[in-house]
Amino acid sequence: MIPILKISSLVKGDIIGDKNLFVKGVCDIEIGKKSFITYLKDESYKKYLKKNKASVVIVHQDVSIKGINKTFIVVKNPSLAFIKVLNLFKSKPLENKKYKISRTAKISKNAMIGKHVYIGPHVIIEDNVIIEDEVKVEAGCFIGENSCIKKKTHISANVTIHHDVFIGEKCRIDSNTVLGSEGFGIVSIYEKKKMNNYNIPHIGKVLISDNVTIGSNCSIDRGTINDTIIGKNTKMDNLIQIGHNVKIGENCLIAAQAGIAGSANIGNNVTLAGQSGVINHVTIGDGSIVAVKSCVFKSIKSNSFVSGIPARNHSDRLKQESIINKLPDLYKKLKK
């Protein structure tokens, strides 16, 4: 149990209510648990406050809490504050392990291993790999030659990192993700009365900047000649395909099952929603949003919001959909 005074100090908030409370853990806003803490994201969730059983609620400083019999921690940004609280209560099995190198790990004599590194069972590390201080590599990972993993990065179990992959500081790569695989570069030639497909060799690298998160079961291909690049603080969900030579800017959000074809250029602060796609050689401008299940067939300007297949300006598409929905009635009138 953690005293509420410690929590309020952590999130830099003011306590309104019982300052002697102890908190067992975190809970949701809809039902909650006694002696647990939750948070109010915005006014739309306020309806849950009276019935919620949580003893402590983190709220924005502008939210009215009169008449509600609970203890509150008032902050400027409840979402960021709750992230800190979640980290406080989060189970950290790997972090609690002592820094060590498993006896079953196979590490090249030419590899450079930093201080306070954890390398789990059955990890394979090839020639000229550099692993810096406080890196964690969980069981069953493969790290190919000439790759580099910078400080405080966490590689989950069964990740495959091929040769010539650079991963920055404080990154997290989740299980079963593959970095640096061959891209889908094909030359098709009609010869001897049949079509033959030839794979193009890929000699580029994968460069991942600092503070990048990559979910599980993602695949990021190496460049054909130039490198595939992921910018700082970009966050990627599970089941994402990034093609060869793709450049992704800083602070991007890419949701599950998105796919980006080769040589596409994604700007800074771009959001790609779930199951969205981007074809090869197009550019998505800074600050743009591609809606769920949309496909971008041509370059879009900065701060665009597009949707559909092919992706178009979202407000224009809504107008088109409205007209299409009226077509059956118009047809009936024309028929009469």
Side-chain angles (χ1 to χ4, degrees), residues 25 83-84 86-183 202-223 227-230 232-242 254 256:
I83 287 173
K84 293 179 181 179
L86 285 169
N87 281 321
L88 190 62
F89 285 96
K90 181 182 177 182
S91 175
K92 302 173 183 177
L94 185 61
E95 292 182 19
N96 292 333
K97 291 180 180 178
K98 294 180 180 179
Y99 294 111
K100 68 175 184 178
I101 297 176
S102 173
R103 292 180 180 178
T104 59
K106 293 185 178 180
I107 302 173
S108 168
K109 294 179 180 179
N110 297 325
M112 296 177 61
I113 309 298
K115 299 176 182 178
H116 306 302
V117 169
Y118 175 88
I119 297 177
H122 307 293
V123 170
I124 297 175
I125 299 175
E126 292 194 326
D127 291 345
N128 302 316
V129 168
I130 298 173
I131 295 180
E132 293 192 352
D133 299 347
E134 298 182 59
V135 167
K136 299 178 179 68
V137 182
E138 294 192 46
C141 291
F142 171 86
I143 304 174
E145 61 185 23
N146 302 317
S147 290
C148 176
I149 303 174
K150 303 287 281 183
K151 295 177 182 178
K152 297 184 178 180
T153 283
H154 182 169
I155 310 296
S156 297
N158 299 316
V159 169
T160 297
I161 300 170
H162 288 285
H163 63 90
D164 297 296
V165 173
F166 177 94
I167 302 174
E169 295 183 7
K170 298 180 181 178
C171 294
R172 182 180 176 94
I173 317 295
D174 246 325
S175 294
N176 301 315
T177 280
V178 179
L179 306 179
S181 50
E182 288 277 309
H202 286 64
I203 61 173
K205 301 176 182 179
V206 174
L207 307 179
I208 297 172
S209 302
D210 297 342
N211 201 33
V212 169
T213 299
I214 301 174
S216 60
N217 296 294
C218 295
S219 182
I220 301 179
D221 297 339
R222 69 176 57 256
D227 301 326
T228 301
I229 300 172
I230 313 294
K232 289 182 181 178
N233 202 40
T234 284
K235 308 297 181 183
M236 296 170 55
D237 199 357
N238 307 323
L239 297 164
I240 291 169
Q241 161 66 23
I242 307 296
I254 305 177

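- Remark: the backbone N or O of Leu239 is not paired with any side-chain donor or acceptor of Asn217 at under 3.5 angstrom.
- Between the CD1 atom of Ile101 and the CD1 atom of Ile119 there is a distance of 4.5 Å, given to the nearest 0.5 Å.
- The CG atom of Asp221 lies 9.0 Å from the CD1 atom of Ile242; values are rounded to the nearest 0.5 Å.
- With values rounded to the nearest 0.5 angstrom, Ser181 atom OG is found 7.0 Å from Gln241 atom CD.
- Taking the side chain as every heavy atom from C-beta outward, Ile130 and Ile113 never approach each other to under 4.5 Å.
- There is no side-chain donor-acceptor pair under 3.5 Å between Asn176 and Ser216.
- The one candidate from Ile149, Val137, Ile208, Ile173 that meets the side chain to side chain contact (heavy atoms under 4.5 Å, CB included) condition with Ile161 is Ile149.
- Note that CG of Asp164 is 6.0 Å distant from OG of Ser147, once rounded to the nearest 0.5 Å.
- Here the rule is side-chain hydrogen bond (donor to acceptor under 3.5 Å, both in side chains) with His154, and of Arg172, Glu134, Lys170, Lys136 only Arg172 fits it.
- When each of Asp237, Leu179, Asp174, Ile254 is paired with Ile214, the side chain to side chain contact (heavy atoms under 4.5 Å, CB included) condition holds for Leu179 and for no other.
- His162 and Glu182 share no donor-acceptor pair across their side chains, judged by distance under 3.5 Å alone.
- Between the side chain of Ser175 and the backbone N or O of Ala157, at least one donor-acceptor pair lies under 3.5 Å.
- Asn233 and Asn211 form a side-chain donor-acceptor contact under 3.5 Å, judged by distance and modelled atom types alone.
- Separating the CD atom in Glu138 from the NE2 atom in His122 is a distance of 14.0 Å, to the nearest 0.5 Å.
- A salt bridge between Glu132 and Lys150 is present, with a side-chain N of the basic residue lying under 4.0 Å from a carboxylate O of the acidic one.
- Distance SG/Cys141 to CD1/Ile143: 6.5 Å, rounded to 0.5 Å.
- Proximity of a side-chain donor or acceptor of Thr213 to a complementary backbone N or O of Lys235 within less than 3.5 Å is not detected.
- Judged by distance alone, the side chains of Asn110 and Glu126 never bring a donor and an acceptor atom under 3.5 Å apart.
- Of the possible polar contacts, one joining the Thr177 side chain to the Cys218 backbone as a donor-acceptor pair under 3.5 Å is found.
- Judged by distance alone, the side chains of His202 and Arg222 never bring a donor and an acceptor atom under 3.5 Å apart.
- Considering only heavy atoms from C-beta on, Lys100 comes within 4.5 Å of Tyr118 through its side chain.
- In this structure a side-chain-to-backbone donor-acceptor pair under 3.5 Å is missing from Thr160 to Val178.
- A heavy-atom distance below 4.5 Å is not found between the side chains of Leu86 and Leu88.
- Ile240 places a side-chain heavy atom less than 4.5 Å from the side chain of Met236.
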